[in-house]
**Student:** 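Quick one: this structure, given as C-alpha cells, is what I'll be asking you about.
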Amino acid sequence: MRHKPLLQAGIACGVLLAVGCGGGLPLKHPRDSQALPTIDRNSTESSLIAGYLEICMKVAHGTPAEQAEVLATAHNDYTAAPTPSRVLRYAMVLSTPGHAGSDPVVAQRLLHEVLASPETLLPAERALASLQLQQVERQQSLQADVRRLQQAAERNANDKIAQLTRNLKAESDEVTRLKKALADAQAKLDAIANIEGSSNNRRTPTPEGRKP
C-alpha cells in the first residue's frame, strides 16, 4: 500500500519525539583540524522503529501463511538468542491482535522483562516498548471488563430463567390443585345425588289395586 510508509514514518517520528531526540549535529572543537564522522541518530532510530512497525503490519494484515512465517521467525530468533531487541520484536508480534498467534499475556511479560533493563535498548526502542506495554495493559483491562459484563449478564439471565421456572412450577402446581379440588367436589356432588336418589326410591308408595 502506498500510504503504509507514510504511516510508519509518522509513528516512528512520534516515538522519536517521545524520547526527546535532538536533530542537531555533534559540535566540533574549534581546534579540530579534521571533521569527525557524524551519525544521523534520528534517521537510524527512525529506520529501526519502522522495522518494528513493518513486522507488526505484516502480522496484522498479512495472509495466514505470512502471519505464521513472521511469528515463527520472531520466535526462533528469540529462542536462539534472546537479545533485548529480539525480545522486543517477539513481544511486538505477540501483542499485535488479528492473528492466530496473538498472546497479549506473554507479550506483557516480555515487555516488562525488557523494560526492566532500559539501558540495553536505544531510546526509541524504550519509548516503543513503553507505549506498546500501555496498549497491551489497556487491552487486558478492556477484556477483563468485557468478561465481567458477560458474567454479570449470564448471572442475570440465569436468575431470570430460574425465576420463570419457579413461576411456571407454581402455576403448574396451582392448576393441579384446582383440578384435584374440582374432582373432589364432583365426587361429593355425585355422592349426594346418589343418596338423594336412594332416599326418593324408599319413599315412593306401592300402588294398591282397585277393589271390584
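Note that the numbering runs from 1 along the sequence shown for the chain.
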**Student:** Quick check: closest heavy atoms across Gln67 and Val59, and the distance to 0.1 Å?
**Tutor:** NE2-O, 3.0 Å

**Student:** Determine whether a donor-acceptor pair (N or O, by modelled atom type, separation under 3.5 Å) exists between the side chain of Ser172 and the backbone of Leu168.
**Tutor:** no

**Student:** Look at atom CD of Glu69 and say whether more than 12 heavy atoms of other residues, nucleotides or ligands are closer to it than 6.0 Å.
**Tutor:** no

**Student:** Report the distance from atom CE of Met57 to atom CD1 of Ile55, rounding to the nearest 0.5 Å.
**Tutor:** 13.0 Å

**Student:** Within the 4.5 Å heavy-atom criterion, are Leu111 and Val87 side-chain neighbours or not?
**Tutor:** no

**Student:** So, taking the atom named CD in Gln135 and the one named CD in Gln108, what distance separates them when rounded to the nearest 0.5 Å?
**Tutor:** 12.0 Å

**Student:** Rounded to the nearest 0.5 Å, what's the gap from CG on Leu88 to OH on Tyr52? Could you check?
**Tutor:** 4.5 Å

**Student:** Using a distance-only test with no angle check, is there a side-chain donor-acceptor pair under 3.5 angstrom linking Gln186 and Asp190?
**Tutor:** yes

**Student:** Side chains of residues 91-104: which donor-acceptor partners sit under 3.5 Å, not counting sequence neighbours?
**Tutor:**
residue : atom : partner : partner atom : Å
Ser95   : OG   : Ala91   : O            : 2.9
Ser95   : OG   : Met92   : O            : 3.1
Ser95   : OG   : Gln132  : NE2          : 2.7
Thr96   : OG1  : Met92   : O            : 2.7
His99   : ND1  : Gly101  : N            : 3.2
His99   : ND1  : Ser102  : N            : 3.4
His99   : NE2  : Val93   : O            : 3.0
His99   : NE2  : Thr96   : O            : 3.0
Ser102  : OG   : Leu94   : O            : 3.3
Ser102  : OG   : Thr96   : O            : 3.3
Asp103  : OD1  : Val105  : N            : 3.4
Asp103  : OD1  : Val106  : N            : 3.3

**Student:** Side chains of Arg86 and Arg89: does their closest heavy-atom pair fall under 4.5 Å?
**Tutor:** yes

**Student:** Enter the distance from Asp184:CG to Leu189:CG here, rounded to the nearest 0.5 Å.
**Tutor:** 11.0 Å

**Student:** Please report the C-alpha distance between Gln163 and Asn167 in whole Å, then the side-chain angles of each, then the deciding distance to 0.1 Å, and finally whether the side chain to side chain donor-acceptor pair (under 3.5 Å) criterion is met.
**Tutor:** CA-CA 6 Å; Gln163 184 61 46; Asn167 292 343; 3.0 Å; yes

**Student:** To the nearest 0.5 Å, what is the distance between CG on Leu53 and NZ on Lys58?
**Tutor:** 12.5 Å

**Student:** Could you list the donor-acceptor pairs under 3.5 angstrom formed by side chains in residues 150-158, with sequence neighbours left out?
**Tutor:**
residue : atom : partner : partner atom : Å
Asn156  : ND2  : Ala152  : O            : 3.3
Asn158  : ND2  : Glu154  : O            : 3.2

**Student:** With rounding to the nearest 0.5 angstrom, report the CD to CD distance, Glu137 to Gln139.
**Tutor:** 11.5 Å

**Student:** Which heavy-atom pair separates Ser85 from Glu125 by the least distance, and what is that distance?
**Tutor:** OG-OE2, 3.0 Å

**Student:** Looking only at heavy atoms, what is the nearest atom pair of Ile49 and Ala124, with distance?
**Tutor:** CD1-O, 3.5 Å

**Student:** Tell me the closest heavy-atom pair linking Ala129 and Leu115, and the distance in Å.
**Tutor:** CB-CD2, 3.7 Å

**Student:** With sequence neighbours excluded, tell me which residues meet ring-ring contact (aromatic ring centres under 6.0 Å, His included) with His75.
**Tutor:** Tyr90

**Student:** Looking at Thr120 and Ser117, what are the two nearest heavy atoms and their distance?
**Tutor:** OG1-O, 2.6 Å

